[in-house]
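Structure first, then comments.
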Amino acid sequence: MLKSCYMFTYSLISNNIINIKFKKFMKYLFENSTHFTLTFHNKDYDEVLYKKLSSFLIKNIKTFNWYRYKTVENPLNIFVYSSNIVSMNIILNNFNSLFEYHYGIEDICFFNKSKLIFGSVTHENIADLFLDFKDDIKYFKEFGDWKLTNYKQDIDFNF
């Protein structure tokens, strides 16, 4: 049985979060998370970024079902990393946009322990915040436009 870890889901309705807003948004997420995940479809394609993050790797998950993403042919390659200032700086030095993806890396999600607090599917321009209180959305309005939705996660994130 899936437990609901949050009460309110807000979906990003802006086209993207870029530049300084992206940096501030990522900083907030890193500071309020214990770990984050990235999907590598071809980790060898960007060996430099993969190696930079390798010391923060907690585990690798191979799954056919992840946040808002399902596949039937090949499993997704999800990498779980610890959130800290160094891993944050690696992401910020390589990306300037939420929906920008390079070299096979995408779909950043943030967790506080096993609770999903933010999820994205880069190639679909999907992003959701998972908040405990409806009014907490006020802290995120500076980054983009958000809409309260009925989406509930359909998988359990056990780390």
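- In terms of heavy-atom proximity, Ile137 sits nearest to Leu129 at CD1-CD1, 4.0 Å.
- Taking 4.5 Å as the limit, some side-chain heavy atom of Asn77 sits within range of a side-chain heavy atom of Asn60.
- In terms of heavy atoms, Tyr67 sits closest to Ser120 at CE2-N, 3.2 Å.
- Between the side chain of Tyr81 and the main chain of Ser55, no donor-acceptor pair closer than 3.5 Å is present.
- Across all their heavy atoms, Ile61 and Lys59 have their closest contact at CG1-CE, 3.9 Å.
- When all heavy atoms are compared, the tightest approach of Asp132 to Asp136 is N-OD2, 4.4 Å.
- No chain of hydrophobic side-chain contacts below 4.5 Å, direct or via other Ile, Leu, Val, Met, Phe, Trp or Tyr residues, connects Ile13 to Tyr10.
- Distance check, rounded to the nearest 0.5 Å: CZ of Phe99 to NE2 of His123 gives 11.5 Å.
- A continuous path of ILVMFWY side-chain contacts below 4.5 Å connects Tyr151 to Val121, so both sit in one hydrophobic cluster.
- Scanning both residues, Thr39 and Leu76, for their nearest heavy atoms gives CG2-CD2, 4.4 Å.
- For the pair Leu53 and Leu38, the minimum side-chain heavy-atom distance is below 4.5 Å.
- A single hydrophobic cluster is seen to contain both Tyr139 and Leu98, as judged by linkage of ILVMFWY side chains at heavy-atom distances under 4.5 Å, directly or through other members.
- Once rounded to the nearest 0.5 Å, the distance linking CD1 of Ile78 with CG of Asp107 reads 7.0 Å.
- Both Phe118 and Met7 belong to a single network of hydrophobic side chains, linked directly or stepwise wherever heavy atoms of I, L, V, M, F, W or Y lie under 4.5 Å apart.
- For the pair Thr34 (side chain) and Lys113 (backbone), a donor-acceptor distance under 3.5 Å is present.
- The line from CG of Asn89 to NZ of Lys52 is 11.0 Å long, rounded to the nearest 0.5 Å.
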Side-chain donor/acceptor pairs under 3.5 Å, residues 17-30, sequence neighbours excluded:
| unit_1 | atom_1 | unit_2 | atom_2 | d |
| --- | --- | --- | --- | --- |
| Asn19 | OD1 | Asn96 | ND2 | 2.5 |
| Lys23 | NZ | Leu92 | O | 2.7 |
| Lys23 | NZ | Phe95 | O | 3.4 |
| Lys24 | NZ | Glu142 | OE1 | 2.9 |

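- Asn125 is linked by a side-chain hydrogen bond (donor to acceptor under 3.5 Å, both in side chains) to nothing, counting only residues two or more places apart in sequence or in another chain.
- A distance-only check finds no donor-acceptor pair linking the side chain of Asp145 to the backbone of Leu12 [under 3.5 Å].
- The distance from the CG atom of Asp128 to the OG1 atom of Thr149 is 5.5 Å, given to the nearest 0.5 Å.
- Defined by atom type and a distance below 3.5 Å, a donor-acceptor pair is present between the side-chain atoms of Asn16 and Ser97.
- Classification of the Phe111-His35 ring pair by plane angle, with boundaries at 30° and 60°, yields parallel.
- Phe110 and Ile85 fall within a single hydrophobic cluster, where Ile, Leu, Val, Met, Phe, Trp and Tyr are joined by side-chain heavy atoms under 4.5 Å apart, directly or via other members.
- When all heavy atoms are compared, the tightest approach of Phe36 to Ser87 is CE2-OG, 3.7 Å.
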